[in-house]
Amino acid sequence: MAESFGADPGLYDRARPRYSDALIEAVVASSSGPALLDVGCGTGIAARQFQAAGCQVLGVEVDERMAAFARSTGVEVEVSSFETWDPAGRTFDALVAGMTWHWIEPSAGAAKAAEVLKPGGRFAVFWYVLQPPTGLGAAFAAVHRDVLPDSPVNSRVAASPLGAYEHFLDRAADSLTATGAFTDLERPTYPWSRTYTRDEWLDQLRTSGIAKSLADAGKLDEMLDRTGAAIDAAGGSFTLDSTAVALTATRN
């Protein structure tokens, strides 16, 4: 699944949300210098935001198609899985990962992060949590249950979109602690908001982790049609008041 997002990198780059300015500013302010490594940089969405904030960014990306798109926007990228990537002796003031650290094998990722961060370097991985308005969120969940009745995601999403990310944070925190190389572990959150039209939300859904499996099962069109109908019934657009969750730490 991690390597399925590059099927249409232009759509991915256009449809995926940007990260909140407050999150970007907090990472930059807590970093010991400008050299930043972006793990799983994708099309360079976060990388460009950090570049604009004054960072010198190197991306590592497993998908050549995504990497090529990021390079076309001015981001330097090396193609590799992070676990097997060779830093060639280079070290960084900060390591970030936006919406990607859950694809990294926990113990190997934490060990590599400890290797490439300078003493005092900043570790910051983060996810944005999409939280539609209550009524529309319930409608989306109902569509998901109908189209994918056996999906294990159903119960977590219905209970709490934010809670569904807790296991990512727990796993990452445990792996960092196990290395003995990190201190000051914290879990800051950052609110963010944007308005989505029907078509913008469906484009975002086309880039989601479940899109390929839906397409392979012949159910993607049904998911898109029924989700679009729910947005139409709500007036054709909606405001998403959501949260970005992060795990930050300092390299000893």
Side-chain angles (χ1 to χ4, degrees), residues 1-7 9 12 16 19 27 35-47 50 57-67 70 75-119 121-129 151-153 156 162-188 207-213 216 244-252:
M1 188 186 292
E3 297 182 32
S4 70
F5 298 109
Y12 184 99
R16 285 291 180 115
Y19 298 95
V27 173
L36 183 145
L37 181 69
D38 186 355
V39 176
C41 69
T43 59
I45 292 171
F50 282 110
V57 180
L58 173 65
V60 177
E61 169 56 44
V62 71
D63 191 315
E64 174 60 54
R65 300 163 298 180
M66 301 283 267
V75 178
E76 182 182 355
V77 185
E78 296 180 6
V79 177
S80 176
S81 66
F82 180 58
E83 297 92 332
T84 61
W85 175 64
D86 181 7
R90 292 167 291 181
T91 56
F92 300 84
D93 301 303
L95 179 152
V96 303
M99 297 296 293
T100 59
W101 196 253
H102 54 288
W103 299 116
I104 307 298
E105 197 283 321
S107 58
K112 181 62 70 73
E115 175 188 352
V116 301
L117 278 171
K118 299 175 183 177
R122 194 63 167 164
F123 175 93
V125 299
F126 40 87
W127 294 263
Y128 47 68
V129 183
S151 172
V153 175
R156 294 201 304 269
L162 187 59
Y165 285 79
E166 287 298 320
H167 70 288
F168 293 157
L169 296 166
D170 290 342
R171 187 175 70 171
D174 289 346
S175 63
L176 290 186
T177 300
T179 68
F182 292 91
T183 59
D184 304 323
L185 273 70
E186 297 180 338
R187 297 188 183 193
T207 71
S208 70
I210 65 169
K212 185 178 187 300
S213 59
D216 289 346
V245 296
L247 174 71
T248 62
T250 302
R251 177 69 168 91
N252 293 339

I need the [X] [atom1] to [Y] [atom2] distance, nearest 0.5 Å.
X	Y	atom1	atom2	value
Asp216	Ile210	CG	CD1	12.5 Å
Lys112	Glu105	NZ	CD	11.5 Å
Leu58	Leu36	CG	CG	9.5 Å
Leu247	Phe182	CG	CZ	9.5 Å
Arg251	Glu115	CZ	CD	9.5 Å
Phe123	Thr250	CZ	OG1	11.5 Å

Within a strict 4.5 Å, meaning less than it, do heavy atoms of the [X] and [Y] side chains meet?
X	Y	value
Asp38	Val75	no
Tyr128	Arg16	yes
Phe50	Tyr19	no

Pairing of Asp170 and Arg187 as salt bridge, 4.0 angstrom limit: yes

Glu78 side-chain N/O to Val60 backbone N/O, donor-acceptor pair under 3.5 Å: no

Side-chain donor/acceptor of Thr177 to backbone N/O of Asp174, under 3.5 Å: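 Side chain of Thr177 to backbone of Asp174, a donor-acceptor pair under 3.5 Å: no, none is there.
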
Parallel, tilted or perpendicular, as decided by the 30° and 60° cut-offs, for the rings of Phe168 and Trp127: parallel

Work out which heavy atom in [X] is nearest to a heavy atom in [Y]; give both atom names and the distance.
X	Y	result
Trp101	Gly109	CH2-O, 3.6 Å
Gly180	Asn252	O-ND2, 3.0 Å
Ala70	Gly42	CB-O, 3.6 Å
Glu64	Val79	OE1-CG2, 3.1 Å
Ala7	Pro9	C-CD, 3.8 Å
Val39	Thr100	O-OG1, 2.8 Å

Partner of Leu37 under side chain to side chain contact (heavy atoms under 4.5 Å, CB included), chosen from Val116, Asp93, Val57, Thr91: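 Going through Val116, Asp93, Val57, Thr91 one by one, the side chain to side chain contact (heavy atoms under 4.5 Å, CB included) with Leu37 is satisfied by Val116 alone.
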
